[in-house]
Peer 1: 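Encoded as structure tokens, here's the structure I'll be asking about.
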Amino acid sequence: HWWRAGRWCRLTVRTADEPLVLRTLALDETRYPLELESQFECDDPDIAPVIRLATRGMQMCSHETFMDCPYYEQLMYVGDSRLEMLTTYAMTRDDRLVRRGIELFDRSRANGGFVNERFPSHKPQMSTTFSMIWTLMLRDYAWWRNDLDWVRARAVGMRAMLELFEHYRNADGLLENLPGWSFMDWVPTWKVGIAPDGRFGVSALNNLLYVLALRAAAQVDTALGESGLAARWTARAEATAAAIRRAFWDEPRGLMADNLAHTEFSEHAQCLALLADVLPPAEARRASEGLLTDPNLRRTTIYFSFYLLETWRRFGRGDLIVQRLDFWKDLVRQGLRTPVEQPGDTRSDCHAWGSHPLFHLFASVAGIRPAEPGFRSVRIEPLPGPWRSIRARLPHPTGQVALALRFEDGVCEGDI
């Protein structure tokens, strides 16, 4: 016995010579009791339906674990789950699914040392890029929840897993020929979602994500009081970043290339380079400008647009974040109740990795984020874009953070 998912139910009845009267038809909904405890309001009436769509997507993909979708694989994938976990932080104080997911991925390392791409699963599947993202996931938890002892127990696995990447570092100091499915995003021209040279060569994106993971590990170990280990991760990150700049920075275009031949360029590479602080200030400004103006970059789809929105937040572009929400508004107009897996003729009409705008409404537009490990202090840095007012209430480990702000002529007024 197993549950099914869908939007419609076909009922076929053979009555023969006897009439039939249907008096009632009901469906039982089964899911994890994930409810929206937070609130977000603004002066754009089209945002409320987007919130409902994102919330429903999260609910339909939350069962005994998170999962990518309720219809196809019904599996918990690392890349998907990180976005689901961050969105959960914006929805509720209930973090049982989050903790369970991080623990299960930690246990999956018994199958070769790297975190499995998906787990639990009868058939193992490896992805070193998703292993890197598990480190980001652990760092997220250390900041958004106040339980560093629990993080300390997981950090043992983080350190062991990161050490395995040393086997794949080439003479230039770059990761090469990584094992498994190095998934990055469903870009139409990338074979099975792998970035250029990401499977049998040297990929800028794989290496940039590795630097981001190393910096996250350094933050985790700093929070745990392990300054020596943190310094080690930071040194490794800086060495890899320098090798990336030498190999992939394209001076004429002012962009980070995807491959050593400098024939492929993407939004993904610029986002990761900027988020991982790989570029010095002058080059970072050029890359951020190119991210906005270069018409020939491979574009992020629904999943990786999370990191695009993170990049825009880094550069204070709330207007672009709000503009990007038009995609989700269009999903509502199409009659969808949940976010899709990818644009166009999508395979899955319910994929919770597309619920991440719910996180960004609170953490980027309203600008409510932890300022230190354990969420012991709060930094509020709103980026309202064209909106004139924002009201938000975000669950906090010890209560709630609430704000009501008004914006006019570059001035912010209100209550926190």
Peer 1: Kindly indicate whether the side chain of K329, heavy atoms from C-beta on, has any atom under 4.5 Å from the side chain of D44.
Peer 2: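 Answer yes - side chains close enough.
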Peer 1: Keeping the roles fixed (side chain from S131, backbone from V115), state whether a donor-acceptor pair exists under 3.5 Å.
Peer 2: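 Checking the backbone N and O of V115 against the side chain of S131, a donor-acceptor pair under 3.5 Å is found.
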Peer 1: Under a 3.5 Å distance rule, please check whether D80 uses its side chain to pair with a backbone N or O of M76 as donor and acceptor.
Peer 2: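 No, the answer is negative, given that no donor and acceptor are paired below the 3.5 Å cut-off.
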Peer 1: If you measure only the distance, is there a donor-acceptor pair under 3.5 Å linking the side chains of Q334 and D330?
Peer 2: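 Side-chain D/A pair, Q334 to D330: present.
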Peer 1: Among F306, F359, F304, Y303, find the one that has a ring pair (Phe, Tyr, Trp, His ring centres under 6.0 Å) with W353.
Peer 2: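 In the set F306, F359, F304, Y303, the residue that makes a ring pair (Phe, Tyr, Trp, His ring centres under 6.0 Å) with W353 is Y303.
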Peer 1: So do V98 and Y141 actually touch side chain to side chain, heavy atoms under 4.5 Å?
Peer 2: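 With C-beta onward as the side chain, the pair touches.
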Peer 1: Is it true that a side-chain atom of T129 and a backbone atom of F183 form a donor plus acceptor pair closer than 3.5 Å?
Peer 2: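 Side chain of T129 to backbone of F183: a pair is present.
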Peer 1: So, Y89 versus R145: side-chain donor-acceptor pair below 3.5 Å or not?
Peer 2: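 Short answer, no.
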Peer 1: Side chains of Q74 and W2: do they bring a donor and an acceptor to under 3.5 Å?
Peer 2: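 Present: a donor and an acceptor within the cut-off.
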Peer 1: Taking 4.0 angstrom as the limit, do E29 and R56 come out as a salt bridge?
Peer 2: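 Salt bridge present between E29 and R56.
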Peer 1: Under 3.5 Å, side chain of W328 to main-chain N/O of G354, donor-acceptor pair present?
Peer 2: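 Confirmed, W328 side chain pairs with G354 backbone.
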Peer 1: Applying ring-ring contact (aromatic ring centres under 6.0 Å, His included), can you list everything that pairs with Y77, at least two apart in sequence or on another chain?
Peer 2: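 With sequence neighbours excluded, Y77 shows a ring-ring contact (aromatic ring centres under 6.0 Å, His included) to no residue whatsoever.
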Peer 1: Taking C-beta and beyond as the side chain, do Y307 and L209 meet within less than 4.5 Å on heavy atoms?
Peer 2: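 Counting from C-beta outward, Y307 and L209 never come under 4.5 Å.
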Peer 1: Identify whether the distance between the nearest side-chain nitrogen and carboxylate oxygen of D258 and R298 falls below 4.0 Å.
Peer 2: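 Here D258 does not pair with R298 in a salt bridge, since their nearest N and O are not under 4.0 Å apart.
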Peer 1: So among F165, Y168, W233, which one has a ring pair (Phe, Tyr, Trp, His ring centres under 6.0 Å) with Y210?
Peer 2: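 The residue from F165, Y168, W233 that satisfies ring pair (Phe, Tyr, Trp, His ring centres under 6.0 Å) with Y210 turns out to be F165.
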Peer 1: Just wondering, do S305 and F327 contact through their side chains at under 4.5 Å, heavy atoms?
Peer 2: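 No - every pair of side-chain heavy atoms lies 4.5 Å or more apart.
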Peer 1: Cut-off 3.5 Å, side chains only: do T240 and R169 have a donor facing an acceptor?
Peer 2: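 Their side chains do contain a donor-acceptor pair, which is all the 3.5 Å distance test asks for.
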Peer 1: Within the side chain of H63, is there an N or O that forms a donor-acceptor pair under 3.5 Å with the backbone of M60?
Peer 2: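 Confirmed, H63 side chain pairs with M60 backbone.
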Peer 1: Would E310 and R369 pass as an ion pair if we require N to O under 4.0 Å?
Peer 2: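 Answer for the salt bridge query: yes.
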Peer 1: Could you give me the CA-CA distance, side-chain angles and deciding distance for T300 and E267, then say whether side-chain hydrogen bond (donor to acceptor under 3.5 Å, both in side chains) is met?
Peer 2: CA-CA 6 Å; T300 58; E267 290 183 334; 3.1 Å; yes
Peer 1: Flag the pair E84 and R100 as a salt bridge only when some basic side-chain nitrogen lies within less than 4.0 angstrom of an acidic carboxylate oxygen.
Peer 2: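 Answer for the salt bridge query: no.
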Peer 1: Quick check: does any side chain N or O of R393 sit under 3.5 Å from a backbone N or O of Q39, one acting as donor and the other as acceptor?
Peer 2: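 No, the answer is negative, given that no donor and acceptor are paired below the 3.5 Å cut-off.
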Peer 1: Using the ring of W150 (Phe, Tyr or Trp, six-membered ring only), decide whether R154 places NZ or CZ under 6.0 Å from its centre and within 45 degrees of its axis.
Peer 2: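 Judged by the rule (NZ or CZ under 6.0 Å from the ring centre, within 45° of its axis), R154 counts as positioned above W150.
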Peer 1: State, without any angle test, whether S377 and E372 hold a side-chain donor-acceptor pair at a distance under 3.5 Å.
Peer 2: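 The criterion, which ignores hydrogens and geometry beyond distance, is satisfied for E372 and S377.
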Peer 1: So, taking the atom named CD1 in I102 and the one named CG in D140, what distance separates them when rounded to the nearest 0.5 Å?
Peer 2: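 CG of D140 is found 8.0 Å from CD1 of I102.
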Peer 1: Do W312 and H360 have their ring centres less than 6.0 Å from each other?
Peer 2: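 They do not qualify: ring centres at least 6.0 Å apart.
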Peer 1: Parallel under 30°, tilted from 30 to 60°, perpendicular over 60°: which one fits the rings of F375 and H396?
Peer 2: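 Judged by the thresholds at 30° and 60°, the geometry between F375 and H396 is tilted.
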Peer 1: Checking side chain to side chain contact (heavy atoms under 4.5 Å, CB included) for the pair E35/T92: CA distance, chi angles, key distance, verdict?
Peer 2: CA-CA 7 Å; E35 306 302 336; T92 176; over 6 Å; no
Peer 1: Got a donor-acceptor contact below 3.5 angstrom from the D94 side chain to the R96 backbone?
Peer 2: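 Judged by distance alone, yes, a pair lies under 3.5 Å.
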Peer 1: Would you call D349 and R7 a salt bridge, taking side-chain N to carboxylate O under 4.0 Å as the test?
Peer 2: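 Salt bridge between D349 and R7, a charged N being under 4.0 Å from a carboxylate O: no.
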Peer 1: If you take all heavy atoms of A243 and G173, which pair is closest and at what distance?
Peer 2: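 Smallest interatomic distance, heavy atoms only, reads CB-O, 4.2 Å.
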Peer 1: Could you walk me through whether V278 and W249 pass the side chain to side chain contact (heavy atoms under 4.5 Å, CB included) test, one step at a time?
Peer 2: CA-CA 10 Å; V278 165; W249 176 251; over 6 Å; no
Peer 1: Could you grab the distance from atom CG of L255 to atom CG of L297, nearest 0.5 Å is fine?
Peer 2: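 Here the rounded value is 6.0 Å.
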Peer 1: How long is the gap from CG on L274 to CG on L308, to the nearest 0.5 Å?
Peer 2: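 One gets 10.5 Å once the value is rounded to the nearest 0.5 Å.
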Peer 1: Below 4.5 Å, heavy atoms only, C-beta onward: do P370 and R376 meet side chain to side chain?
Peer 2: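 In short, these two side chains do not touch, never coming nearer than 4.5 Å.
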Peer 1: Classify the side-chain pair T346/E341 by whether it contains a donor and acceptor separated by less than 3.5 Å.
Peer 2: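 Judged by distance alone, the side chains do not pair up.
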Peer 1: Could R236 and E166 be called an ion pair, given the rule that one side-chain N must be under 4.0 Å from one carboxylate O?
Peer 2: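 Counted as a salt bridge, because a side-chain N and a carboxylate O are separated by less than 4.0 Å.
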Peer 1: For the pair Q59 (side chain) and L34 (backbone), establish whether a donor and an acceptor sit closer than 3.5 Å, ignoring hydrogens and angles.
Peer 2: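 The answer is yes, because a donor-acceptor pair under 3.5 Å joins these two groups.
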Peer 1: Can you tell me how far apart CG (L320) and OG1 (T311) are? Round to the nearest 0.5 Å.
Peer 2: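 Atom-to-atom, L320:CG and T311:OG1 are 11.0 Å apart.
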Peer 1: Drop me the distance from M91's CE to L394's CG, to the nearest 0.5 angstrom.
Peer 2: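 Answer for the CE-CG pair, M91 versus L394, is 12.0 Å.
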Peer 1: Between E163 and R232, is the closest basic N to carboxylate O distance under 4.0 Å?
Peer 2: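 Looking at E163 together with R232, the answer is yes, because their closest N to O distance falls below 4.0 Å.
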Peer 1: First locate atom CD of E408, then atom CD of E413, and finally report the distance between them rounded to the nearest 0.5 Å.
Peer 2: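 The CD atom of E408 sits 8.5 Å away from the CD atom of E413.
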Peer 1: Report the C-alpha distance between R253 and D294 in whole Å, list the side-chain angles of each, state the deciding distance to 0.1 Å, and finish with yes or no for salt bridge (charged side-chain N to carboxylate O under 4.0 Å, His left out).
Peer 2: CA-CA 9 Å; R253 293 188 64 173; D294 194 303; 2.9 Å; yes
Peer 1: Is it true that E251 and R245 have a side-chain N and a carboxylate O under 4.0 angstrom from each other?
Peer 2: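 Salt bridge: no.
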Peer 1: Quick check against the 3.5 Å criterion: does N116 have a side-chain atom that pairs as donor or acceptor with the backbone of S108?
Peer 2: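 Answer holds: yes.
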Peer 1: For S182 and S127, which heavy atoms make the closest approach, and how far apart are they?
Peer 2: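 Here S182 and S127 meet closest at CA-OG, 4.2 Å.
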Peer 1: Determine yes or no for a side-chain-to-main-chain donor-acceptor pair under 3.5 angstrom, with R118 supplying the side chain and Q125 the backbone.
Peer 2: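 The answer is no, because no donor-acceptor pair under 3.5 Å joins these two groups.
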